[in-house]
Amino acid sequence: MSWDIVYRLVKQIPRGRVLSYGALAKALRLSGGARSAGRAMAATPTGKGIPWHRVVGERGKILIREPYASLQKKLLESEGVKITESRVDLNSHRWKPDKKSLAKKTAATKKRPRRAPQK
DNA sequence: CATCTGACGACCG
DNA sequence: GCGGTCGCCAGAT
């Protein structure tokens with residue numbers, strides 16, 4: 001799968017702003033949801049100018065393990081993001097991608113079925 | 001092809 | 001607020 005679209009969006013996250021895996025997945029309509037977003041980040045090649053550290057858990061928590069967790073925290077703080085107890089202040093830093101930022105082309109399996117027509 | 005695992009999230013206790 | 005479970009899906013073995 002091409003995580004290109006994910007990287008592209010992540011690269012557009014403004015300095016001092018963060019986005020959650022879930023929001024990221026939703027914005028791009030990834031089939032696997034937050035998990036796929038996470039996979040994408042896990043496969044993110046470092047040194048490509050991709051601010052992967054601006055992606056945290058839905059509640060602003062750093063979910064990754066050491067030593068990346070510490071690194072991420074450090075990077076965020078250096079960007080002016082407030083962090084409290086390994087937790088990002090999503091309340092003031094949550095970022096919403098612009099519609100234009102969503103210049104996705106091949107968003108995984110497009111969109112997934114809404115819900116079972118139950119009832 | 002069968003299973004397990006995982007940079008997640010929603011729920012429940 | 002924290003920890004355990006389940007659901008979701010794609011990759012890895």
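Per chain, numbering begins at 1; letters A, B, ... match sequence-line order.
- Atom CG in A/Leu30 sits about 15 Å away from atom C1' in C/dG11, given to the nearest Å.
- Atom CH2 in A/Trp3 sits roughly 6 Å away from atom C1' in C/dA10 (whole-Å rounding).
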Please list every donor-acceptor pair under 3.5 Å in which a side-chain atom of residues 51-59 of chain A meets a protein atom from a residue at least two apart or in another chain.
{"unit_1": "A/His53", "atom_1": "NE2", "unit_2": "A/Glu79", "atom_2": "OE2", "d": "3.0"}
{"unit_1": "A/Arg54", "atom_1": "NE", "unit_2": "A/Glu79", "atom_2": "OE1", "d": "2.8"}
{"unit_1": "A/Arg54", "atom_1": "NE", "unit_2": "A/Glu79", "atom_2": "OE2", "d": "3.2"}
{"unit_1": "A/Arg54", "atom_1": "NH1", "unit_2": "A/Ile13", "atom_2": "O", "d": "2.9"}
{"unit_1": "A/Arg54", "atom_1": "NH2", "unit_2": "A/Glu79", "atom_2": "OE1", "d": "3.3"}
{"unit_1": "A/Arg54", "atom_1": "NH2", "unit_2": "A/Glu79", "atom_2": "OE2", "d": "2.5"}
{"unit_1": "A/Glu58", "atom_1": "OE1", "unit_2": "A/Ser20", "atom_2": "OG", "d": "2.9"}
{"unit_1": "A/Glu58", "atom_1": "OE1", "unit_2": "A/Arg94", "atom_2": "NH1", "d": "2.9"}

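- Taking 4.5 Å as the limit, every side-chain heavy atom of A/Leu76 sits out of range of all side-chain heavy atoms of A/His93.
- Contacts of residues 37-53 of chain A with DNA chain B (heavy atom under 4.0 Å): A/Gly38, A/Met41, A/Ala42, A/Trp52.
- At a cut-off of 3.5 angstrom, counting only N and O atoms as typed in the model, there is no donor on one side facing an acceptor on the other between the side-chain of A/Arg35 and the base of C/dC9.
- The side-chain contact (heavy atoms from CB on, under 4.5 Å) check on A/Ala69 picks up A/Ile62, A/Ile64, A/Glu66, with sequence neighbours excluded.
- Applying the 4.0 Å criterion to OP1 and OP2 of C/dC8, one finds that A/Ser36 has every side-chain N and O outside that range.
- With sequence neighbours excluded, no residue satisfies salt bridge (charged side-chain N to carboxylate O under 4.0 Å, His left out) with A/Asp89.
- Across A/Ala27 and A/Pro97, no two heavy atoms sit closer than the pair CB-CG, 4.0 Å.
- Pairs of residues two or more places apart, or lying in two chains, never qualify as salt bridge (charged side-chain N to carboxylate O under 4.0 Å, His left out) while including a residue from residues 36-50 of chain A.
- Going from atom CG of A/Leu28 over to atom P of C/dC8 covers 21 Å, rounded to whole Å.
- As rounded to whole Å, 12 Å separates atom C1' of B/dG6 from atom OH of A/Tyr21.
- With sequence neighbours excluded, the residues satisfying side-chain contact (heavy atoms from CB on, under 4.5 Å) with A/Tyr7 are A/Trp3, A/Ala43, A/Thr44, A/Pro45, A/Ile50.
- When the nucleotides C/dC2, B/dG9, C/dC9 are ranked by their closest atom to the side chain of A/Leu63, B/dG9 comes out on top.
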Check nucleotides 10-13 of chain B for protein N or O atoms closer than 3.5 Å to its own N or O atoms and list the pairs.
none

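- The two atoms that bring A/Leu24 and A/Ala37 nearest to each other are CD2-CB, 4.2 Å, heavy atoms only.
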